[in-house]
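These notes are about the structure you will find just below.
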There are 2 protein chains.
Amino acid sequence: MLKATTEAILELGLHALTFDEVTRRSGVAKTTIYRHFPTKNALIVAALDGVTPVPITPDTGSLRQDLIEFLESVRPIFADPTVRKIMADVQSAALRDKELRTLQTKMLAGRAGPTLTIYERARERGELRDEIDYLTAVEIIEGPFIVRSLARPQALKDVDIEELVDRILVQLTP
Amino acid sequence: MLKATTEAILELGLHALTFDEVTRRSGVAKTTIYRHFPTKNALIVAALDGVTPVPITPDTGSLRQDLIEFLESVRPIFADPTVRKIMADVQSAALRDKELRTLQTKMLAGRAGPTLTIYERARERGELRDEIDYLTAVEIIEGPFIVRSLARPQALKDVDIEELVDRILVQLTP
DNA sequence: CTGTTACGCTACGACTTAGTAGCGAAATTC
DNA sequence: GAATTTCGCTACTAAGTCGTAGCGTAACAG
């Protein structure tokens, strides 16, 4: 039923989700759905909870290698039309709905986790400048992927990750 | 009437726009609206055409100064809740609707224009490496703003533009 | 002044959705 | 095996939306 909900969101959009549509797709009676999820937001949050994949958190002992492997694992996520649709829908809805803003915050936090861990380990090894703002650093890493996935997602496969990491490291290392 | 349409989109979201709502807000009869814009997409495209502000295209003779002034003019645009809502809505809708994908492409192209001009002038002055991929360069410039406006827009005002430009120039200049 | 065009208004019919009520069947619990 | 909880199904009201038709009126062009 949550699976049917997710599929409906993907096809029709988050805004066009209806209880009747979920009923049609899942075979579960509308009344039953209402019993579990009294509001549409509750249904949405339950369905999308844990949908977007969490990238790996490599631990090779080298910041450069960690970032490269991390970005390699991130690339297919941002290239995935499913993920892009969900994130775009949630972003749009979060600007007008408080509950969905919470959902979005959770999604973004989940995605920032691996990057923060990588930075933390690198900082302990002394590979990073101390005065780094970590949130900004996360933006620097994921930025090129996010921007490209918005504007020209078909070009995501052309990102030269090693070159990108080297350019970024210039900004972050002593 | 197009103004009322835009306001309705901002308040309710692009998806929740209805002819009846535009009728209520504008005072224009629904039949009249249908006469001008037979489909909802036509109404949306007409209303949003030229809504998002185009940043300035500075020409100071220096790439560094051009970029700084450009980003200063871009910052309030990305910080504007109106622009953020419209762009998020269009992004979301463009993933499922071909006509709105065209609208989005036009919006993005309009925004990339100034950056491309700045780069072109700098290249003629010999300030830029030749092998630069210009679209990538645009992403590099606007990336930090876009990413931050998505994840934590309230921190947009904290971006140190001069520092950002200097970091970027390291990547782009010979 | 007259013909034409554009607009406003009301009123539809068909459709979809939200949300609830009532009842019988199935599954679960003890 | 009996009791309780959960579920499926049908039906229903109220509301909103789409898209159109008919008719009267205002603006405008020649």
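Residue numbers start from 1 in every chain, and the chains themselves are labelled A, B, ... in the order their sequence lines are given, proteins ahead of strands. These numbers come from the heavy atoms of this one structure, side chains and all, not from hydrogens, waters or symmetry mates.
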Phosphate contact (dG8(D) OP1 or OP2) by Thr31(A) side-chain N/O below 4.0 Å: no

Tell me the interatomic distance from Leu43(B), atom CG, to dC18(D), atom P, rounded to whole angstroms. 10 Å

Distance check needed: dG16(D) P versus Lys30(B) NZ, whole Å only. 13 Å

Gln65(B) side chain vs Thr60(B) backbone, donor-acceptor pair below 3.5 Å: no

Phosphate contact (dC18(D) OP1 or OP2) by Lys40(B) side-chain N/O below 4.0 Å: yes

Do NZ/NE/NH1/NH2 and the carboxylate oxygens of Glu127(A) and Arg121(A) come within less than 4.0 Å? no

Using only side-chain N and O atoms of His36(B), determine if any of them is under 4.0 Å from OP1 or OP2 of dC7(C). yes

Without decimals, in angstroms, what is the distance between Tyr34(A) OH and dA21(C) C1'? 14 Å

Please determine, by modelled atom types, if Arg148(A) and Thr136(B) share a side-chain donor-acceptor pair under 3.5 angstrom. yes

5'-most by nearest nucleotide on DNA chain C - Ile33(B) or Arg35(A): Ile33(B)

Over all strands shown, is Phe19(A) touching base, sugar-phosphate only, or nothing at heavy-atom distances under 4.0 angstrom? sugar-phosphate

Write down the distance between CG (Leu17(B)) and P (dG16(D)), rounded to a whole number of angstrom. 16 Å

I need the CD1-P distance between Ile44(A) and dA18(C), as an integer number of Å. 11 Å

Within the pair Arg24(A) and dT17(C), is there a side-chain N or O less than 4.0 Å away from OP1 or OP2? yes

Asn41(B) atom CG is separated from dC18(D) atom P, nearest whole Å, by 12 Å

What orientation do Tyr134(B) and Tyr119(B) show, parallel under 30°, tilted 30 to 60°, or perpendicular over 60°? tilted

If I take atom CG in residue Asp20(B) and atom C1' in nucleotide dT17(D), what distance separates them, rounded to the nearest angstrom? 6 Å

